[in-house]
Amino acid sequence: MISETAATLTTSDGVTLEALVGAPPTPREGAATAPRGGAVICHPHPLYGGDMENPVVVRLAEVFGELGLTTVRFNFRGVGQSTGAHGAGVDEQHDVEAARVHLASVVGANGALVLAGYSFGAAVVGDVAAKHPDLSGVVLVAPPLARVDPKRFTGLAPFGDRLLVIAGSNDEICPLEAVARLRDSTPHATVEIIEGANHFFFGKLYPLGHAATTWAQRILHL
């Protein structure tokens, strides 16, 4: 696991968020030291036990950190030590923005920036990312397409293959027919189906991580 440091983020509406910032491994002597970039990783639904310690969130932080990226994972408002209250995915957009701004300040103007989210976190990330077409990449893991209209993600179409969608073949909350509709609205997205995985990716964290790693290496030239 990468080394992480506790941090407190402050949103534009005054909420403070409990966060962990992961530093990539120290470069070998003589290697380039400029930040390669970073990834914000957002957790699943707070009202169903989701937090930044979720195994999928932790796995994404691990694989991005192993690629030399700085990582930021945090608890949405009302979760853990984060202040505020659940905002039905609307107020949480402020939370993602706060993490994005913090990460940008760490990696600098030349560092790649990726927003990633799992389930509820994927839906919020999709809303925020559509406002920032200059992002280096967007990762949606098991977006809750059975509960939100796939057309909600139409604004991500300009990302092309910089958008990665990872879904399980046995996921009732992100069913394959809904993934197909999402692909229709984002026709050039990279879509990876993890065979045998359900919404929680029990026993499938390794192939999930492999899919994220392969995409990041190609898109971010790592």
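Sequence positions, counted from 1, serve as the residue numbers for this chain.
Applying the salt bridge (charged side-chain N to carboxylate O under 4.0 Å, His left out) test to pairs two or more places apart or on separate chains, none has a residue in residues 40-49.
Not one N or O on the side chain of Thr214 forms a donor-acceptor pair closer than 3.5 Å with the backbone of Ala211. In terms of modelled atom types and a separation under 3.5 Å, the side chain of Glu92 and the main chain of Gly87 share a donor-acceptor contact. Of the possible donor and acceptor atoms, none in the side chain of Arg181 sits under 3.5 Å from a partner among the backbone N and O of Leu145. Judged by distance alone, with hydrogens and angles left aside, the side-chain atoms of Ser82 form no donor-acceptor pair with the main-chain N or O of Gly78 at under 3.5 Å.
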Dump the intermediate steps for side-chain contact (heavy atoms from CB on, under 4.5 Å) on Thr83 and Val15, then the final yes or no.
CA-CA 6 Å; Thr83 64; Val15 168; 3.5 Å; yes

query: Given Phe200 and Tyr118, is the side-chain contact (heavy atoms from CB on, under 4.5 Å) satisfied, shown in steps?
result: CA-CA 10 Å; Phe200 304 101; Tyr118 165 42; 4.0 Å; yes

Please report the C-alpha distance between Asp51 and His43 in whole Å, then the side-chain angles of each, then the deciding distance to 0.1 Å, and finally whether the side-chain hydrogen bond (donor to acceptor under 3.5 Å, both in side chains) criterion is met. CA-CA 5 Å; Asp51 62 20; His43 68 72; over 6 Å; no

Apply the test side-chain contact (heavy atoms from CB on, under 4.5 Å) to residues Val139 and Phe64: give CA-CA distance (whole Å), side-chain angles for both, the deciding distance (0.1 Å), then the verdict.
CA-CA 12 Å; Val139 180; Phe64 287 135; 4.2 Å; yes

For this session: Determine, step by step, whether Leu17 and Thr10 satisfy the side-chain contact (heavy atoms from CB on, under 4.5 Å) criterion, reporting the C-alpha distance in whole Å, the side-chain angles of both residues, the deciding distance to 0.1 Å, and the verdict.
Result: CA-CA 6 Å; Leu17 305 175; Thr10 302; over 6 Å; no

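Note: Phe74 and Phe76 have perpendicular aromatic rings, judged against thresholds of 30 and 60 degrees for the angle between ring planes.
Nearest heavy atoms, Ser119 versus Pro144: O-CD, 3.2 Å. Ala197 and Lys204 get closest at one heavy-atom pair: CB-CG, 3.7 Å. In plain terms, the two heavy atoms of Leu220 and Ala112 that are nearest each other are CD2-CB, 4.0 Å. When all heavy atoms of Leu182 and Pro143 are compared, the closest pair comes out as CD2-CG, 4.4 Å. Taking every heavy atom of both residues into account, Gly38 and Leu103 meet most closely at C-CD2, 3.4 Å. Closest non-hydrogen pair, Ala99 versus Val72, comes out as CB-CG1, 4.1 Å.
At least one side-chain heavy atom of Val128 sits less than 4.5 Å from a side-chain heavy atom of Glu97. For the pair Asn170/Glu195, no side-chain contact is recorded, criterion being any heavy-atom separation below 4.5 Å from C-beta on. Proximity of Cys174 to Val179: side-chain heavy atoms (C-beta onward) are separated by under 4.5 Å at one or more points. A heavy-atom distance below 4.5 Å is not found between the side chains of Ile219 and Phe159. For the pair Val165/Thr190, no side-chain contact is recorded, criterion being any heavy-atom separation below 4.5 Å from C-beta on. Counting heavy atoms from C-beta outward, Ile41 and Thr71 have side chains that approach closer than 4.5 Å. Residues Leu9 and Thr16 fail the side-chain proximity criterion, which asks for heavy atoms closer than 4.5 Å.
Looking at residues two or more places apart in sequence or on another chain, you find a salt bridge (Lys or Arg N to Asp or Glu O under 4.0 Å) between Asp13 and Arg77. In this structure His86 satisfies the ring-ring contact (aromatic ring centres under 6.0 Å, His included) test together with His45, Phe120, sequence neighbours excluded. Residues satisfying the salt bridge (Lys or Arg N to Asp or Glu O under 4.0 Å) test with Arg152, not counting sequence neighbours, are Asp127. For Glu18, the salt bridge (Lys or Arg N to Asp or Glu O under 4.0 Å) criterion is met by no residue, not counting sequence neighbours. Scanning for salt bridge (Lys or Arg N to Asp or Glu O under 4.0 Å) contacts around Asp161 gives Arg218, with sequence neighbours left out.
For the atom pair OG (Ser169) and CG (Asn198), the distance works out to 9.0 Å, reported to the nearest 0.5 Å. With rounding to the nearest 0.5 angstrom, the CG atom of Leu205 is 8.5 Å from the CD atom of Glu62. Between the CG atom in Asn75 and the CG atom in Asp95 there is a gap of 10.0 Å [rounded to 0.5 Å]. The line from OG1 of Thr186 to NZ of Lys151 is 13.5 Å long, rounded to the nearest 0.5 Å.
When hydrophobic clusters are built by joining Ile, Leu, Val, Met, Phe, Trp and Tyr residues whose side-chain heavy atoms come closer than 4.5 Å, directly or via intermediates, Ile166 is grouped together with Leu222. Val148 is connected to Leu176 through a chain of hydrophobic side-chain contacts under 4.5 Å among Ile, Leu, Val, Met, Phe, Trp and Tyr, so both are in one cluster. Linking ILVMFWY residues whenever their side-chain heavy atoms come closer than 4.5 Å, directly or via other members, places Phe202 and Val57 in the same cluster. Met52 and Leu140 sit in two unconnected hydrophobic clusters of ILVMFWY residues. Membership requires side-chain heavy atoms under 4.5 Å apart, directly or through other members. Residues Val107 and Leu20 do not share a hydrophobic cluster, clusters being chains of Ile/Leu/Val/Met/Phe/Trp/Tyr side chains in contact below 4.5 Å.
Taking the charged nitrogens against the carboxylate oxygens, Glu4 and Arg73 do have a contact shorter than 4.0 Å, which makes a salt bridge.
Shown here is His132, whose NE2 atom has more than 12 heavy atoms of other residues, nucleotides or ligands within 6.0 Å. Around atom CD of Gln81, no more than 12 heavy atoms belonging to other residues, nucleotides or ligands sit under 6.0 Å away.
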